[in-house]
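No experiment lies behind these values; they were computed from the predicted model shown. In the text below, chain A, chain B and the rest are named by the order of the sequence lines, each starting its count at 1.
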Amino acid sequence: MTPGAAATPGAAGAVARGGPWPVTEAEARAVQEELRARVERADHAPPPGTPGTLLAGVDVAYDDTHDTVAAAAVVLDGATHEVVARATECARVPFPYVPGLLAFRELPAVLAALERLDRVPDLVVCDGYGLAHPRRLGLASHLGVLTGLPTIGVAKTPFRYRHGPVGAVRGDGAPLLDGTEEVGRALRTREGVRPVYVSVGHRVGLDSACAHTLDLARRYRLPETTRRADALCRAALREALEDAGRAGH
DNA sequence: GCGACAG
DNA sequence: ATCTTGTCGC
């Protein structure tokens with residue numbers, strides 16, 4: 001994948017091939033403070049169901065004892081939701097898990113997997129948050145700024161944010177609040193199941209982000225994109241560890 | 001200082 | 001994220 005619309009193709013490429021990356025938490029926070037101004041809120045995502053549209057999902061799996069991370073990028077046809085492309089990347093874990101700094105742990109491998117795709121997606125669905133972040137630069141927004149691609153974040157827990165009751169019907173939602181600021185939406189994708197937490201990443205509006213989340217999560221709580229990416233990165237991690245084991249013994 | 005804490 | 005058995009329900 002070579003995103004022609006990339007805002008900073010050089011930066012994304014440098015990261016993908018192991019270029020500069022923050023080492024300390026202070027450096028990482030400084031990077032976020034720097035990039036937050038580049039997040040675009042205008043909606044550039046095609047409506048759900050648009051024929052010819054490509055929807056991507058990205059996710060990562062870890063084995064900390066082997067210092068290994070596996071990332072996967074999967075592309076679905078926007079109308080049929082059939083998988084049309086996939087790619088993976090394994091690497092050393094580049095950053096520890098620190099709440100608020102997840103992107104520095106996940107993005108290098110994710111960017112490399114995206115670079116390996118032979119298609120450029122119209123929207124990337126991330127596992128985590130976008131604007132719902134202490135510095136308004138969760139991994140979804142961060143990925144969007146580095147690639148120029150429209151992105152959204154769909155998380156499984158509320159992190160540090162609050163919301164009122166969510167209606168029982170699929171599609172019902174409640175604002176995710178950071179104080180009085182709406183940073184996302186708790187969204188019910190299935191009745192009788194906990195809601196998911198949707199937030200804007202880059203170049204997508206919140207209503208559009210929720211519409212895509214609902215479109216991709218008909219049968220299960222989570223979007224088909226992240227379910228596929230999750231399965232693929234786990235398989236990639238398993239194979240990487242098996243190969244390493246064979247080579248070592 | 002204490003608790004909370006995306007994945 | 002990951003460690004883990006059985007169990008309730010469609």
Practice problem: Report yes or no: is the ring centroid of A:Y97 under 5.5 Å from the six-membered base ring centroid of B:dG7, with the two planes under 30 degrees? | Solution: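 Here the ring of A:Y97 and the base of B:dG7 are stacked, with centres under 5.5 Å and planes under 30°.
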Exercise. Indicate yes or no: does A:R136 engage A:D178 in a salt bridge with an N to O separation below 4.0 Å.
Key: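 A salt bridge links A:R136 with A:D178.
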Quiz item: Any Lys/Arg nitrogen of A:D127 or A:K156 sitting under 4.0 Å from an Asp/Glu carboxylate oxygen of the other?
Solution: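 Salt bridge present between A:D127 and A:K156.
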Given atom [atom1] of [X] and atom [atom2] of [N], what is their separation to the nearest angstrom?
X	N	atom1	atom2	answer
A:D230	B:dA6	CG	P	17 Å
A:R29	B:dC5	CZ	C1'	12 Å
A:H66	C:dT2	NE2	C1'	14 Å
A:Y197	B:dC5	OH	P	11 Å
A:D178	B:dA4	CG	C1'	14 Å
A:L237	C:dC3	CG	P	9 Å
A:R160	B:dC5	CZ	P	10 Å
A:Y62	B:dA6	OH	P	13 Å

Looking at every strand, decide which applies to [X] at a 4.0 Å heavy-atom threshold: base, sugar-phosphate, or nothing.
X	answer
A:L101	base
A:A132	nothing
A:Y129	base
A:G153	nothing

Quiz item: Are OP1 or OP2 of B:dA6 and a side-chain N or O of A:K156 less than 4.0 angstrom apart?
Solution: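 For B:dA6, OP1/OP2 do not have a side-chain N/O of A:K156 under 4.0 Å.
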Practice problem: Return no unless some side-chain N or O of A:T157 is found under 4.0 Å from OP1 or OP2 of B:dC5. | Solution: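 For B:dC5, neither OP1 nor OP2 has a side-chain N or O of A:T157 closer than 4.0 Å.
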Quiz item: Do A:H212 side-chain atoms and A:P46 backbone N/O form a donor-acceptor pair below 3.5 Å?
Solution: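 Flag set: sc A:H212 to bb A:P46 pair under 3.5 Å.
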Quiz item: Considering only side-chain heavy atoms of A:A61, which listed nucleotide, B:dG7, B:dC5, C:dT2, is closest?
Solution: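 The nucleotide sitting nearest to the side chain is C:dT2.
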Quiz item: Nearest to the side chain of A:D59, which nucleotide is it out of B:dG7, B:dA6, C:dT2?
Solution: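 The listed nucleotide nearest to A:D59's side chain is B:dG7.
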Practice problem: Mind telling me whether A:Y161 and A:Y129 have parallel, tilted or perpendicular rings, with 30° and 60° as the class edges? | Solution: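 Taking A:Y161 first and then A:Y129, their aromatic rings stand perpendicular (interplane angle over 60°).
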Practice problem: State which residue, out of A:E40, A:E34, A:E33, fulfils the salt bridge (Lys or Arg N to Asp or Glu O under 4.0 Å) condition with A:R36. | Solution: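 Among the candidates, only A:E33 passes.
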